[in-house]
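One structure, pasted below without further comment.
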Amino acid sequence: MTMTSACRNVDTQPAANASARKKWSVAEAEALFELPFMDLVFRAQQVHRENFDANAVQRSTLLSIKTGGCSEDCSYCSQSARYKTGLDRQQLMAVAEVVEKAREAKAKGSSRFCMGAAWKGPKEREIETVLAMVREVKALGMETCVTLGMLKGDQAQQLKEAGLDYYNHNVDTAPEYYDKVITTHSLADRLDTIDQVRNAGINVCSGGIVGMGEGRSGRASLLVQLANMDRPPESVPINNLVAIPGTPLADAEKLDPFEFVRTIAVARIMMPGSFVRLSAGREQMSDELQALCFMAGANSIFYGNRLLTTDNPEADRDETLFARLGLRPI
């Protein structure tokens with residue numbers, strides 16, 4: 001089988017060590033986006049098979065352990081205290097309640113349990129409770145992940161010592177588009193926390209949200225930012241904006257589904273060794289669209305009925321879809 005000349009001429013990052021990794025330009029990423037759809041998906045599937053079992057998907061469950069009342073102004077977020085979204089605020093959950101939710105997630109097939117808190121960053125009294133959650137969930141035999149906002153001091157090291165496997169901290173969008181979405185912190189603030197997490201020896205989970213008006217060049221720039229990190233994130237969540245009434249992005253134009261698949265495919269080609277995760281927006285995706293995303297190199301999902309404050313496909317629906325596609329859990 002031969003590829004088109006357009007497909008052959010696009011350079012792809014080899015699955016090699018960090019020193020040998022290709023550094024991507026935005027123009028190169030845009031060239032991938034511009035490939036004929038079938039050529040792009042075909043190339044992404046080739047890269048995927050070179051690095052992963054093409055019929056296996058990792059499942060993570062995400063639980064909001066502290067909901068609402070966040071001081072940040074992220075334009076997409078229902079949890080910002082600045083917007084009237086009808087969300088009820090909830091205090092930090094008790095450790096025992098979180099552990100029970102983790103047990104339920106494990107019983108349904110999740111291998112990783114992610115805990116998210118809506119705040120700019122944890123205070124010392126809060127981090128102590130989260131550390132206990134991490135230790136208890138880890139003791140269940142699950143991978144642990146938290147997303148707590150910006151870290152300071154030795155908090156990353158404390159999380160590592162408690163047994164944390166992954167820290168989620170999305171870069172959200174393209175650098176040049178960042179202040180159109182968020183103004184209460186900078187991209188540099190986000191990158192500083194990612195550096196702290198790396199230095200502590202914790203795996204990084206970092207991706208972004210598409211469909212916020214960033215355009216194709218913005219999506220290319222977002223992926224370049226992730227791929228060109230000294231070490232790309234081990235997990236790359238690609239979120240399709242869920243437009244929340246009451247937020248500044250409530251009326252954002254929906255992203256074309258094929259453009260979303262293109263984003264997954266380009267992420268797979270540029271970050272061949274990373275798990276690429278279907279994240280927010282999966283509730284609105286048809287089974288057929290999800291199958292295209294798996295074909296394009298997605299190999300991780302958030303699994304369960306809720307994704308922080310938005311709906312997510314029910315576990316039974318996912319089990320049925322996996323059976324139809326012959327996909328196995330990792």
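Just so it is clear, the model here is predicted, and its values are computed rather than measured.
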Note to self: Run the salt bridge (charged side-chain N to carboxylate O under 4.0 Å, His left out) test against Glu143 and tell me which residues pass, sequence neighbours left out.
What the structure shows: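 With neighbours one apart ignored, the set is Arg112.
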Check: If you take all heavy atoms of Tyr83 and Ser75, which pair is closest and at what distance?
Finding: OH-CA, 3.9 Å
Margin query: Evaluate Leu148 against Leu159 for side chain to side chain contact (heavy atoms under 4.5 Å, CB included), listing each step before the verdict.
Written below: CA-CA 11 Å; Leu148 310 173; Leu159 288 164; 4.3 Å; yes
Next item on the list: For Pro237 and Asn170, work out which heavy atoms get closest and say how close.
Entry: CG-OD1, 3.8 Å
Margin query: To check you understand the geometry: which heavy-atom pair defines the closest contact between Ser60 and Gln58, and what is its length?
Written below: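 For Ser60 and Gln58, the tightest heavy-atom pair comes out as OG-NE2, 2.9 Å.
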Checklist line | Asn299/Arg268 under side chain to side chain donor-acceptor pair (under 3.5 Å): CA gap, chis, key distance, verdict | finding: CA-CA 10 Å; Asn299 63 338; Arg268 168 52 64 217; 3.1 Å; yes
Margin query: Holding to ring-ring contact (aromatic ring centres under 6.0 Å, His included), I want the full list of residues that pass it with Tyr177, two or more places apart in sequence or in another chain.
Written below: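 Checked Tyr177 against ring-ring contact (aromatic ring centres under 6.0 Å, His included); zero matches.
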Notebook entry, point to check: Within a strict 4.5 Å, meaning less than it, do heavy atoms of the Leu278 and Ile238 side chains meet?
Noted result: no
Next item on the list: Scan residues 198-210 for pairs that pass side-chain hydrogen bond (donor to acceptor under 3.5 Å, both in side chains), counting only residues two or more places apart or in two chains.
Entry: Arg198-Glu234
Next item on the list: Please determine if Arg277 forms a cation-pi arrangement with Phe302, meaning its NZ or CZ atom is less than 6.0 Å from the six-membered ring centre and no more than 45° off the ring axis.
Entry: yes
Notebook entry, point to check: Taking atom OG1 of Thr173 and atom CG of Asn239, what is their separation to the nearest 0.5 Å?
Noted result: 11.5 Å
Item checked: side chain to side chain contact (heavy atoms under 4.5 Å, CB included) partners for Cys74, two or more places apart -> Glu72, Tyr76, Cys77, Ile182, His185
Margin query: Are Phe113 and Leu63 packed together at the side-chain level, in the sense that at least one heavy-atom pair is separated by less than 4.5 angstrom?
Written below: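 Result yes, sub-4.5 Å side-chain heavy-atom pair found.
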Margin query: I need the full list of side-chain hydrogen bond (donor to acceptor under 3.5 Å, both in side chains) pairs touching residues 244-253, with sequence neighbours left out, sorted by first then second residue.
Written below: none
Checklist line | Close side-chain approach of Cys205 to Tyr167, heavy-atom, < 4.5 Å | finding: no
Checklist line | Partners meeting salt bridge (charged side-chain N to carboxylate O under 4.0 Å, His left out) with Glu319 (sequence neighbours left out) | finding: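 Counting only residues at least two positions away or on another chain, Glu319 forms a salt bridge (charged side-chain N to carboxylate O under 4.0 Å, His left out) with Arg59.
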Next item on the list: With salt bridge (Lys or Arg N to Asp or Glu O under 4.0 Å) as the test, would you mind laying out the steps for Asp318 and Lys108 before giving the verdict?
Entry: CA-CA 11 Å; Asp318 285 333; Lys108 291 179 179 178; over 6 Å; no
Margin query: Once salt bridge (charged side-chain N to carboxylate O under 4.0 Å, His left out) is applied, do any residues pair with Glu259, and if so which ones, sequence neighbours excluded?
Written below: Arg216, Arg219
Notebook entry, point to check: Is it true that atom CE of Met150 has more than 12 heavy atoms of other residues, nucleotides or ligands lying nearer than 6.0 Å?
Noted result: yes
Notebook entry, point to check: Quick one: does Ile264's side chain get under 4.5 Å of Leu292's, heavy atoms only?
Noted result: no
Checklist line | Those residues that, when tested against Ala139, pass side chain to side chain contact (heavy atoms under 4.5 Å, CB included) (two or more places apart) | finding: none
Next item on the list: For Asp287, enumerate each residue passing the salt bridge (charged side-chain N to carboxylate O under 4.0 Å, His left out) test, keeping only those at least two apart in sequence or located in another chain.
Entry: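 Partners of Asp287 by the salt bridge (charged side-chain N to carboxylate O under 4.0 Å, His left out) criterion, ordered by chain and then number, come out as Arg317, Arg324.
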Check: Gln90: what forms a side chain to side chain contact (heavy atoms under 4.5 Å, CB included) with it, not counting sequence neighbours?
Finding: Thr67
Distance-only donor-acceptor pairs under 3.5 Å for side chains of residues 123-135, two or more places apart:
residue: Glu124; atom: OE2; partner: Gln155; partner atom: NE2; Å: 3.2
residue: Glu126; atom: OE1; partner: Lys123; partner atom: N; Å: 2.7

Checklist line | Summary of salt bridge (Lys or Arg N to Asp or Glu O under 4.0 Å) pairs that have at least one residue in residues 155-184, sequence neighbours excluded | finding: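 Listed by first then second residue: Lys138-Asp165.
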Check: Are Phe260 and Cys293 close enough, and set up right, to give a side chain to side chain contact (heavy atoms under 4.5 Å, CB included), and what steps lead you there?
Finding: CA-CA 8 Å; Phe260 185 78; Cys293 290; 3.7 Å; yes
